Number of protein chains: 4
Amino acid sequence: MRKKDVPSLVKDPHLIDMRRAQIVKAAVQLFNEKGYHKATTRAVAEASGFSIGTLYEYIGSKEDILYLVCDSVYDEVISRWEELLDEKLTGRERLSQVIEAYFRVVNDLQDEVLVMYQESKSLSEEALRYVLEKELRMKRMFEQELTRAKKEGLVTLTEGEMSLAAHQILVAGHMWTFRRWAIQRDYSIEEYITYQLRQLFTGFGMKEISSS
Amino acid sequence: MRKKDVPSLVKDPHLIDMRRAQIVKAAVQLFNEKGYHKATTRAVAEASGFSIGTLYEYIGSKEDILYLVCDSVYDEVISRWEELLDEKLTGRERLSQVIEAYFRVVNDLQDEVLVMYQESKSLSEEALRYVLEKELRMKRMFEQELTRAKKEGLVTLTEGEMSLAAHQILVAGHMWTFRRWAIQRDYSIEEYITYQLRQLFTGFGMKEISSS
Amino acid sequence: MRKKDVPSLVKDPHLIDMRRAQIVKAAVQLFNEKGYHKATTRAVAEASGFSIGTLYEYIGSKEDILYLVCDSVYDEVISRWEELLDEKLTGRERLSQVIEAYFRVVNDLQDEVLVMYQESKSLSEEALRYVLEKELRMKRMFEQELTRAKKEGLVTLTEGEMSLAAHQILVAGHMWTFRRWAIQRDYSIEEYITYQLRQLFTGFGMKEISSS
Amino acid sequence: MRKKDVPSLVKDPHLIDMRRAQIVKAAVQLFNEKGYHKATTRAVAEASGFSIGTLYEYIGSKEDILYLVCDSVYDEVISRWEELLDEKLTGRERLSQVIEAYFRVVNDLQDEVLVMYQESKSLSEEALRYVLEKELRMKRMFEQELTRAKKEGLVTLTEGEMSLAAHQILVAGHMWTFRRWAIQRDYSIEEYITYQLRQLFTGFGMKEISSS
DNA sequence: TATGAATGAGTCTTCATTCAT
DNA sequence: GATGAATGAAGACTCATTCAT
């Protein structure tokens with residue numbers, strides 16, 4: 001899966017990075033406020049601090065802005081997440097920490113994650129595939145951790161449920177953003193983490209049933 | 001929370017209902033394919049089987065279409081759900097069934113639920129509030145069931161976690177639709193239900209820890 | 001060579017013909033004044049007597065306007081030309097009349113012919129091919145007349161020169177328009193016809209040389 | 001008719017000439033490929049081998065490029081033409097040679113002549129006047145030759161037809177370029193010259209009629 | 001002199017909405 | 001009630017031109 005390339009008329013790579021960072025930052029805010037479709041390229045340019053002409057020196061089309069946002073959000077989430085991880089941990093501590101760290105990053109990058117979550121569907125087939133691939137990469141990371149936990153006898157998930165369980169964790173993170181209208185009014189991120197860890201690990205606390 | 005009223009130039013209420021049903025059906029399909037913003041009112045009219053002029057006899061603006069969709073999806077979900085419920089059940093069977101029935105309805109109304117899920121953010125403040133209120137009503141239904149289960153000693157959730165747990169169930173249902181690109185390739189709805197019930201009830205199968 | 005079809009959102013074919021005639025008329029004038037590229041679609045709409053939105057109900061793109069112009073100019077030229085022809089004539093009279101009639105039509109449709117002449121190169125590959133095919137059809141008509149004249153012993157052109165000679169006549173007609181800045185100041189169409197007939201038939205009046 | 005002056009920020013006249021020659025060469029190619037309006041100044045700069053900023057050190061506006069092209073094409077045509085002429089010739093040989101030489105130059109400078117022919121109409125009033133003046137100068141050269149031929153009893157053109165006949169020769173040359181899509185497929189320049197000389201001198205080979 | 005990033009007026013095109021028939 | 005032609009505000013994108021370095 002090759003990175004889709006976003007055309008630029010400007011040659012200086014450093015400048016490109018800088019300007020695109022400005023663009024992404026402005027776009028995240030605007031897309032959050034008004035949504036991708038209602039945010040005009042002109043408004044993005046303005047919010048980025050330059051003219052519409054300059055904006056188009058760094059992108060090829062409006063969709064490229066959305067792509068840059070999604071792409072950079074993933075990179076940012078993953079890199080921040082990895083920073084928080086402690087490779088030496090094992091067992092329950094390790095799994096807890098992996099999940100907790102992820103939740104904390106999602107909380108820190110709430111606006112970014114929400115935009116990516118709600119607007120990525122407006123990407124073109126090709127760009128969407130690339131973005132979803134990144135999502136799957138994250139899923140696989142959780143899957144690995146779950147597999148490791150299973151080896152350690154920590155969890156009782158079957159092989160076939162691993163994938164679903166990994167999705168479950170990811171969605172639990174996103175849920176903090178896309179349900180914030182309901183959840184964040186009543187819970188802090190700390191409470192949310194505590195709850196989700198317990199929920200994910202032991203569910204509603206019901207006793208397992210042998211058959212079923 | 002008053003139902004937002006959608007203006008119509010036509011008097012006959014029966015006709016209004018009929019036409020609006022056509023509109024919703026066409027719109028769900030179109031919004032699924034292209035998204036709300038890229039679907040034109042012209043296309044909705046055409047897919048509904050009448051002219052653009054006629055479309056506007058039954059709605060006041062494009063947003064009304066989205067509102068009608070969201071509104072009717074909720075009504076449909078709730079009514080189908082209630083049909084499946086067996087009020088006489090109690091205990092674990094009852095909770096299982098409530099959740100399972102919900103998942104089945106979501107599966108049956110996949111396209112509808114997905115559209116509502118992805119596009120409702122494009123509603124106006126007022127309409128959105130109304131729609132979210134319906135979402136909350138569903139949440140409260142699950143909350144009641146959880147409370148009842150708690151009374152029966154079935155679950156160990158604290159009072160404060162009830163709300164979150166109810167959201168968790170709702171999101172688990174939606175997840176089946178908005179993650180279908182990844183999940184439905186690998187799992188059937190039966191498998192999904194089995195997994196989610198176990199996940200919700202007992203988590204990854206880890207032992208509870210006394211202090212937390 | 002299929003007629004390229006120009007898309008229209010309007011269904012009534014009669015209305016389409018009417019509006020497109022308005023568009024062509026306005027476009028010819030505008031394109032003459034400012035050229036195809038400098039004439040805006042807005043200006044065409046305005047000169048046509050309706051709004052920009054309405055313009056786009058009858059065409060798919062700006063290029064379609066140019067195509068409609070070129071297409072209709074050819075049709076008009078050919079149909080007017082044929083009206084002037086007298087099939088019963090033969091010999092020198094016939095050839096004279098065919099050419100003269102053509103010149104007269106070109107004179108009557110000066111603006112139209114000039115636009116087509118100067119702007120057709122801006123058509124897309126496909127549309128251009130179609131338009132040039134019409135030009136070739138006219139060329140072939142002249143070629144036939146020349147062949148007939150040769151059979152009657154009227155002209156001494158070789159078989160291989162027929163095509164070139166037909167082009168020569170066509171260009172002589174166009175020349176009246178694209179050189180009008182120089183020629184029409186000094187000559188009337190009558191004088192021009194008299195001159196060209198003599199020029200085409202007998203050249204500068206030099207004696208033929210046996211070997212060339 | 002003063003030469004329109006093209007402003008330059010650079011002082012060194014030699015450098016100016018050199019750069020402008022580069023510009024003209026690049027522009028001719030680009031204008032041929034895409035037409036004047038679709039060729040961007042950026043593309044011209046690039047094809048010229050320097051930056052857009054540098055381009056504007058040597059011209060004042062895009063139109064100046066077109067003007068430089070037209071101007072230089074005429075100069076080139078005329079100077080090459082004069083090189084080919086043999087002043088000592090007289091009579092039919094002289095006229096033939098003058099025309100033939102002109103055709104050969106046009107053939108050699110096909111792209112240049114075609115661009116000038118098709119795009120000069122996009123020049124401003126003032127620049128166009130200047131360019132057309134050069135065209136008229138060429139016309140007058142032919143006119144002189146025809147007058148001389150008439151004095152020698154070679155041609156039977158009336159005084160009033162001289163001008164038109166001179167235009168005819170010029171257009172016959174241009175025709176080789178702007179009809180190349182049809183003519184150059186079937187004829188070589190040698191064949192074309194042979195044909196045109198005969199056509200211009202003796203027409204289709206019909207007998208003159210006394211009255212007319 | 002040379003460069004190329006920045007600018008923003010201008011262009012094509014779309015599409016929700018209206019209203020006369 | 002139904003139709004669909006007409007409208008024009010608004011939006012994405014281009015490109016000639018400028019100017020600081």
Side-chain angles (χ1 to χ4, degrees), chain A residues 8-12 15-16 19 37-46 49-65, chain B residues 8-12 15-16 19 37-46 49-65, chain C residues 8-12 15-16 19 37-46 49-65, chain D residues 8-12 15-16 19 37-46 49-65:
Chain A
S8 171
L9 296 175
V10 173
K11 294 176 179 174
D12 181 359
L15 193 54
I16 293 180
R19 292 276 183 261
H37 283 99
K38 286 196 184 155
T40 66
T41 53
R42 218 168 208 94
V44 173
E46 217 159 312
F50 32 71
S51 71
I52 181 69
T54 301
L55 177 66
Y56 275 89
E57 296 267 308
Y58 296 93
I59 57 163
S61 70
K62 186 182 181 187
E63 204 211 292
D64 285 343
I65 302 175
Chain B
S8 171
L9 298 174
V10 176
K11 301 294 169 228
D12 180 357
L15 194 53
I16 293 182
R19 293 275 185 261
H37 283 98
K38 285 195 184 157
T40 65
T41 52
R42 253 184 156 98
V44 173
E46 204 166 332
F50 34 73
S51 70
I52 181 69
T54 303
L55 177 67
Y56 273 86
E57 298 274 316
Y58 295 94
I59 58 163
S61 71
K62 187 183 180 186
E63 204 211 289
D64 286 343
I65 302 174
Chain C
S8 172
L9 297 174
V10 173
K11 295 177 179 174
D12 181 358
L15 194 53
I16 293 181
R19 292 277 182 261
H37 283 99
K38 286 196 185 157
T40 66
T41 52
R42 218 166 208 96
V44 173
E46 216 160 310
F50 33 71
S51 71
I52 182 68
T54 301
L55 177 66
Y56 275 88
E57 296 267 309
Y58 296 93
I59 58 164
S61 70
K62 188 182 179 186
E63 204 211 292
D64 285 344
I65 302 175
Chain D
S8 171
L9 298 174
V10 176
K11 300 294 169 229
D12 181 356
L15 194 52
I16 293 182
R19 292 277 184 258
H37 284 99
K38 285 194 185 160
T40 65
T41 52
R42 253 184 155 97
V44 172
E46 203 165 333
F50 34 73
S51 71
I52 181 68
T54 303
L55 177 67
Y56 273 87
E57 299 274 317
Y58 296 94
I59 57 163
S61 72
K62 187 184 181 187
E63 205 211 289
D64 285 343
I65 302 175

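In what follows, every chain begins at residue 1, and chains take the letters A, B, ... in the order their sequences are listed. Please read all numbers here as calculations on a predicted model, not as lab measurements.
Remark: DNA chain E takes part in the stems E:2-21 with F:2-21, each of 3 or more antiparallel Watson-Crick or G-U pairs, criterion distances under 3.5 Å.
In this structure, the side-chain hydrogen bond (donor to acceptor under 3.5 Å, both in side chains) partners of B:Ser51, at least two apart in sequence or on a different chain, are B:Thr54. For D:Thr41, there are no side-chain hydrogen bond (donor to acceptor under 3.5 Å, both in side chains) partners two or more places apart in sequence or in a different chain. Taking A:Thr40 as the reference, nothing meets the side-chain hydrogen bond (donor to acceptor under 3.5 Å, both in side chains) condition, with sequence neighbours excluded. Here A:Ile16 pairs with A:Ser8, A:Val10, A:Arg20, A:Tyr58 under the side chain to side chain contact (heavy atoms under 4.5 Å, CB included) rule; sequence neighbours left out. For the side-chain hydrogen bond (donor to acceptor under 3.5 Å, both in side chains) test, no residue two or more places apart in sequence or in another chain qualifies with A:Glu46. Shown here are the salt bridge (charged side-chain N to carboxylate O under 4.0 Å, His left out) partners of A:Glu57, two or more places apart in sequence or in another chain: D:Arg42.
In this structure, C:Ile59 atom CD1 and E:dT13 atom C1' are separated by 9 Å, rounded to whole Å. Regarding B:Arg42, its CZ atom lies at a distance of 16 Å from the P atom of E:dT13, rounded to whole Å. Here the P atom of nucleotide E:dT1 and the CG atom of D:Leu55 are 16 Å apart, to the nearest Å. Rounding to whole angstrom units, NZ of residue D:Lys38 and P of E:dC12 are separated by 12 Å. Atom P of nucleotide E:dG4 and atom CZ of A:Arg19 are separated by 16 Å, given to the nearest angstrom. When the P atom of E:dC15 is taken as reference, atom CD1 of B:Ile65 falls 14 Å away, rounded to whole Å.
Among the protein residues, B:Leu9 comes within range of no part of the nucleic acid, since none of its heavy atoms lies under 4.0 Å from any strand. Residue contacts shown for C:Ala43 are absent, as no nucleic acid heavy atom lies under 4.0 Å away. Note on A:Thr40: only backbone sugar-phosphate atoms sit closer than 4.0 angstrom, heavy atoms only; bases stay farther off. As judged by a 4.0 angstrom heavy-atom cut-off over every strand, A:Ala39 is placed among residues touching the sugar-phosphate backbone only.
Chain B approaches DNA chain F over the interval F:dG1 to F:dA5, counting the first and last nucleotide 5' to 3' with an atom under 4.0 Å from its heavy atoms.
Between B:Thr41 and E:dA16 there is a side-chain N or O to OP1 or OP2 distance below 4.0 Å.
Residue whose closest nucleotide on DNA chain F sits further toward the 5' end, between C:Ser51 and D:Gly60: C:Ser51. Along DNA chain E, the nucleotide nearest C:Glu57 and the nucleotide nearest B:Glu57 are compared for position; the residue whose nucleotide lies closer to the 5' end is C:Glu57. Nearer to the 5' terminus of DNA chain F, by closest-nucleotide assignment, is the contact made by C:Leu15 (compared with the other of C:Leu15 and A:Ile52). When each of B:Lys62 and A:Gly49 is assigned the nucleotide of DNA chain E bearing its nearest heavy atom, the one mapping closer to the 5' terminus is A:Gly49.
Considering every non-hydrogen atom in both D:His37 and D:Lys62, the closest pair reads O-NZ, 3.5 Å.
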